[in-house]
Amino acid sequence: CPWRKGDVYIVPNAAEPFEGIHVNQNQDTPKRLEGISHPIIGYTGNFSSRFDVELVGYLSKRHPEWNFVFIGSTSIDDRIMTLKDRENIHIMGVVPYDELPQYIENFDVAIMPHVENKQSASMNPLKLFVYSLYRKPIVTSSVSNIEEVEPLARIANNKKEFEKMFKYS
């Protein structure tokens, strides 16, 4: 056995395809995305205090031609709902896990707009590994524990950098 007292092995995070789903195989467009024009900027995950609503509000106001699709529960923090009346904000709520790949396949860019706070300081950005599995360009805020995913994502230090990292700017 390679384990000895005092040895510690760290196994980094990764992602694997959903069972039965073939990544980048022209998934059907979910009905709820029909009629939403590209570019689609997408986010998946539960909404909590780490989610940067101010950043999303800034981006959606400056770029009405970009469509933002948000997938996840708002039961912990519903501040994203303050943006629901904007034409380019599409809040899908919870989506069944086996349907999630169809949504991600339709993202032009996947984002992780998080603020630096106690919650984000202790998180591990698993969603970035999933986004990269689907070969989506990724833009993320600069928060704790983000360094390990730097090869997978563009990391922005502020809202203007975040905006400039989209190829649509």
Side-chain angles (χ1 to χ4, degrees), residues 12-18 23-24 27 29-30 32-33 36-74 76-77 79-84 86-93 95 100-169:
N13 287 308
E16 61 184 355
F18 293 76
V23 177
N24 295 323
Q27 299 287 331
T29 300
R32 295 176 68 198
L33 291 183
I36 298 176
S37 63
H38 289 264
I40 293 176
I41 315 303
Y43 173 85
T44 63
N46 292 322
F47 293 88
S48 64
S49 65
R50 70 179 179 220
F51 188 83
D52 195 341
V53 174
E54 182 182 320
L55 171 59
V56 170
Y58 168 85
L59 293 171
S60 69
K61 185 173 184 177
R62 289 194 33 93
H63 296 280
E65 73 279 12
W66 296 354
N67 281 292
F68 294 84
V69 171
F70 298 105
I71 298 169
S73 173
T74 60
I76 296 171
D77 186 335
R79 291 174 302 124
I80 189 65
M81 300 307 282
T82 62
L83 303 176
K84 70 178 172 37
R86 294 189 183 185
E87 287 187 27
N88 63 341
I89 298 285
H90 309 277
I91 301 169
M92 303 285 138
V95 168
L100 198 54
Q102 295 172 311
Y103 285 86
I104 296 172
E105 284 287 349
N106 282 275
F107 293 173
D108 295 294
V109 176
I111 59 172
M112 191 180 82
H114 286 177
V115 295
E116 183 69 48
N117 64 17
K118 186 177 180 180
Q119 185 183 23
S120 64
S122 62
M123 72 169 196
N124 194 308
L126 297 175
K127 74 173 75 315
L128 300 185
F129 292 97
V130 174
Y131 293 160
S132 68
L133 174 69
Y134 288 88
R135 295 177 177 85
K136 296 300 169 182
I138 302 166
V139 179
T140 180
S141 305
S142 179
V143 292
S144 299
N145 302 319
I146 205 71
E147 301 82 24
E148 75 177 69
V149 298
E150 191 164 6
L152 304 175
R154 298 175 186 160
I155 301 172
N157 294 305
N158 57 55
K159 63 185 177 185
K160 292 199 183 280
E161 278 187 20
F162 204 103
E163 176 183 20
K164 288 180 181 176
M165 290 189 177
F166 290 98
K167 66 180 182 179
Y168 307 106
S169 296

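Keep in mind that the numbers below use all heavy atoms, side chains included, and drop hydrogens, waters and symmetry copies. In this text, all values refer to a predicted model and were calculated from it rather than measured experimentally. We're numbering straight along the sequence, starting at 1.
- Taking each heavy atom of Ser60 and Ile89 in turn, the nearest pair found is CB-CD1, 3.7 Å.
- Of the inter-residue distances, the one linking Thr140 atom OG1 with Tyr43 atom OH reads 9.5 Å to the nearest 0.5 angstrom.
- Contact between Leu59 and Phe68 at its shortest, heavy atoms only, is CB-CZ, 3.7 Å.
- Looking only at side-chain heavy atoms (C-beta outward), Pro30 and Asn106 come within less than 4.5 Å of each other.
- Taking CE of Met112 as the reference point, atom CD1 of Ile138 lies at 9.5 Å (rounded to 0.5 Å).
- Across all non-hydrogen atoms, the minimal contact from Ser132 to Leu152 is OG-CD1, 3.9 Å.
- In this structure, the separation between CG on Leu33 and CE on Met92 is 5.5 Å, given to the nearest 0.5 Å.
- Under the side chain to side chain donor-acceptor pair (under 3.5 Å) criterion, Asn88 pairs with no residue, sequence neighbours left out.
- More than 12 heavy atoms of other residues, nucleotides or ligands sit less than 6.0 Å from atom CD of Glu161.
- For the side-chain contact (heavy atoms from CB on, under 4.5 Å) criterion with Val69, the lone passing option out of Ile41, Ile104, Ile40 is Ile40.
- Of the inter-residue distances, the one linking Asn46 atom CG with Thr74 atom OG1 reads 9.5 Å to the nearest 0.5 angstrom.
- Within the 4.5 Å cutoff, the side chain of Ile71 has heavy atoms near those of the Phe107 side chain.
- Residues Asp108 and Trp66 are not in side-chain contact: their nearest non-hydrogen atoms beyond the backbone lie 4.5 Å or more apart.
- Under the side chain to side chain donor-acceptor pair (under 3.5 Å) criterion, Arg32 pairs with no residue, sequence neighbours left out.
- The cationic atom of Lys159 (NZ for Lys, CZ for Arg) lies less than 6.0 Å from the six-membered ring centre of Tyr58 and within 45° of the ring axis.
- Atoms OG and CG, on Ser142 and Asn157 in that order, are 4.5 Å from each other to the nearest 0.5 Å.
- The side-chain heavy atoms of Thr44 and Tyr103, taken from C-beta on, include no pair separated by under 4.5 Å.
- Applying the salt bridge (Lys or Arg N to Asp or Glu O under 4.0 Å) criterion to Arg62, with sequence neighbours excluded, gives Glu163.
- Nearest heavy atom pair, residue Pro113 against residue Ser141, reads CA-OG, 3.5 Å.
- Residues Phe51 and Val56 meet the side-chain proximity criterion, which asks for heavy atoms closer than 4.5 Å.
- The two residues Pro39 and Glu65 make their nearest non-hydrogen contact at CD-O, 3.7 Å.
- Side chain of Arg86 to main chain of Gly57: a donor-acceptor pair is present (N/O by atom type, distance under 3.5 Å, no hydrogens or angles).
- Here Glu105 contributes atom CD and Arg135 contributes atom CZ; the two are 9.5 Å apart, rounded to the nearest 0.5 Å.
- Two residues are said to be in side-chain contact when any heavy atoms from C-beta on lie closer than 4.5 Å; Phe47 and Arg79 fail this criterion.
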